[in-house]
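Have a look at the structure below, then the notes.
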There are 2 protein chains.
Amino acid sequence: MKSTKVRKLSAAGWRVGTAREFLGLSEDEARLVSIRLALIDAIRKARARSGLSQVALAERMSSSQSRVAKIEAGDPSVSLDLIIRALIASGASDLEIGAALGTKIRTAKAR
Amino acid sequence: MKSTKVRKLSAAGWRVGTAREFLGLSEDEARLVSIRLALIDAIRKARARSGLSQVALAERMSSSQSRVAKIEAGDPSVSLDLIIRALIASGASDLEIGAALGTKIRTAKAR
DNA sequence: TGCGACTATGTCCTTTTCGACATATTCTAT
DNA sequence: ATAGAATATGTCGAAAAGGACATAGTCGCA
């Protein structure tokens with residue numbers, strides 16, 4: 001958002017901030033969230049590439065379809081453990097898993 | 001292990017295999033384990049670099065010293081969530097976190 | 001338009017994981 | 001050698017997360 005716009009909004013009585021601030025997340029909590037999101041994204045991609053249905057993926061990781069749905073929905077009842085298990089079972093390579101986490105920094109430096 | 005040695009051992013009645021086979025881990029389970037190990041390693045390094053004691057790290061992540069000890073000991077009662085929280089709180093960069101996972105592949109290709 | 005495959009959401013009960021505490025053990029510097 | 005800090009290990013009640021099931025909602029396609 002441009003700073004001129006921010007100033008206008010402030011003048012009009014709006015408070016402007018990041019989503020992180022709004023949700024009251026600490027820096028660390030925010031990082032954890034973005035890691036989760038990156039991994040979930042990687043799962044969708046890997047699962048699609050492998051042509052697996054949620055049911056099929058669930059079997060592979062001995063879980064249930066509803067769990068897989070919740071994983072991809074970013075449901076809070078899903079742990080990182082389950083997310084990574086899903087990522088592995090959906091056919092992601094080690095490199096992909098690592099990349100899902102390091103990507104943001106790397107692209108930022110690259111441009 | 002050299003194949004000649006394997007043959008000798010086999011002749012002598014020994015069964016030779018990987019740790020994975022011995023422990024009865026599936027391919028996927030084994031990958032999960034090695035991810036955990038890589039992350040734990042990264043925590044030790046990051047914590048040392050930051051000069052944090054286990055007590056200090058525990059505070060940062062609002063956990064307890066005993067938990068941190070268990071994390072670094074690879075205790076099975078520790079989840080990936082807690083491991084990553086520790087990694088973040090111990091001052092690791094996004095890049096380090098990603099690297100902890102992609103490293104094996106990358107070095108394998110590099111050499 | 002209706003049918004089958006796929007995905008989403010809610011709930012229940014069980015298992016796992018957590019923080020906390022108590023207590024050992026190991027390390028470091030004097 | 002010994003105190004004090006740091007780390008390790010065990011246990012417990014509470015809280016989080018898991019699988020399973022039931023049930024809706026979507027989507028493509030015949």
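Basis for what follows: all heavy atoms, side chains included, without hydrogens, waters or symmetry-related copies. Residue numbers begin at 1 in each chain, while the letters A, B, ... track the order of the sequences.
- Checking B:Arg85 against B:Gln65, the closest nucleotide of DNA chain C that is more toward the 5' end is the one next to B:Arg85.
- Between the CG atom in B:Leu32 and the CD1 atom in A:Ile88 there is a gap of 5.0 Å [rounded to 0.5 Å].
- Distance check: B:Gln54 CD to B:Ile71 CD1 gives 9.0 Å after rounding to the nearest 0.5 Å.
- Shown are A:Ile84, A:Leu87, A:Asp94; of these, the side-chain contact (heavy atoms from CB on, under 4.5 Å) with B:Ile35 is made only by A:Ile84.
- Both A:Leu37 and A:Leu25 belong to a common hydrophobic cluster when Ile, Leu, Val, Met, Phe, Trp and Tyr are linked at side-chain heavy-atom distances under 4.5 angstrom.
- Shown for residues 66-74 of chain B: residues whose heavy atoms fall under 4.0 angstrom of DNA chain C, namely B:Ser66, B:Arg67.
- Proximity of residues 75-82 of chain A to DNA chain D (heavy atom under 4.0 angstrom from any strand atom) is restricted to A:Pro76, A:Ser77, A:Val78, A:Ser79, A:Leu82.
- The two residues B:Ser50 and B:Gly91 have their closest heavy-atom pair at OG-CA, 4.3 Å.
- Between B:Ser93 and A:Arg31 the shortest heavy-atom distance is C-NH2, 3.4 Å.
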Measure all distances between protein nitrogen or oxygen atoms and nitrogen or oxygen atoms of nucleotides 27-30 of chain D, and list the pairs falling under 3.5 Å.
none

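- For the residue pair A:Arg67/A:Ser77, the side-chain donor-acceptor check at 3.5 Å is satisfied.
- We find the CD1-CD1 distance between A:Ile97 and A:Ile83 to be 12.5 Å, quoted to the nearest 0.5 Å.
- With A:Ser79 contributing its side chain and A:Asp81 its backbone, the two residues share a donor-acceptor pair below 3.5 Å.
- A 4.0 Å heavy-atom criterion places the boundary nucleotides of DNA chain C facing chain B at C:dT17 to C:dC21, written 5' to 3'.
- Judged purely by atom type and a 3.5 angstrom limit, B:Arg36 uses its side chain to pair as donor or acceptor with the backbone of B:Val78.
- The end-to-end axis angle of the helix from C:dT1-D:dA30 to C:dT30-D:dA1, rounded to 10 degrees and based on five pairs per end, is 50°.
- Taken residue by residue, residues 45-64 of chain B places heavy atoms nearer than 4.0 Å to DNA chain C at B:Ser62, B:Ser63, B:Ser64.
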Does the side chain to side chain contact (heavy atoms under 4.5 Å, CB included) test come out yes or no for A:Ile43 and A:Val68, once each step is laid out? CA-CA 10 Å; A:Ile43 291 175; A:Val68 173; over 6 Å; no
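- Residue A:Leu57 comes nearest to A:Ala86 through the heavy atom pair CD1-O, 4.0 Å, listed as atom of the first residue, atom of the second, then distance.
- With hydrogens and angles ignored, the 3.5 Å screen pairs a side-chain donor or acceptor of A:Arg44 with a backbone N or O of A:Glu72.
- For the atom pair CD (A:Glu59) and CD (A:Gln65), the distance works out to 11.5 Å, reported to the nearest 0.5 Å.
- Of the possible polar contacts, none joining the B:Arg47 side chain to the B:Ser90 backbone as a donor-acceptor pair under 3.5 Å is found.
- Rounding to the nearest 0.5 angstrom, the gap separating the OG atom in A:Ser26 from the CZ atom in B:Arg60 is 11.5 Å.
- When atom types are taken as modelled, the side chain of A:Glu21 and the backbone of A:Thr18 share a donor-acceptor pair closer than 3.5 angstrom.
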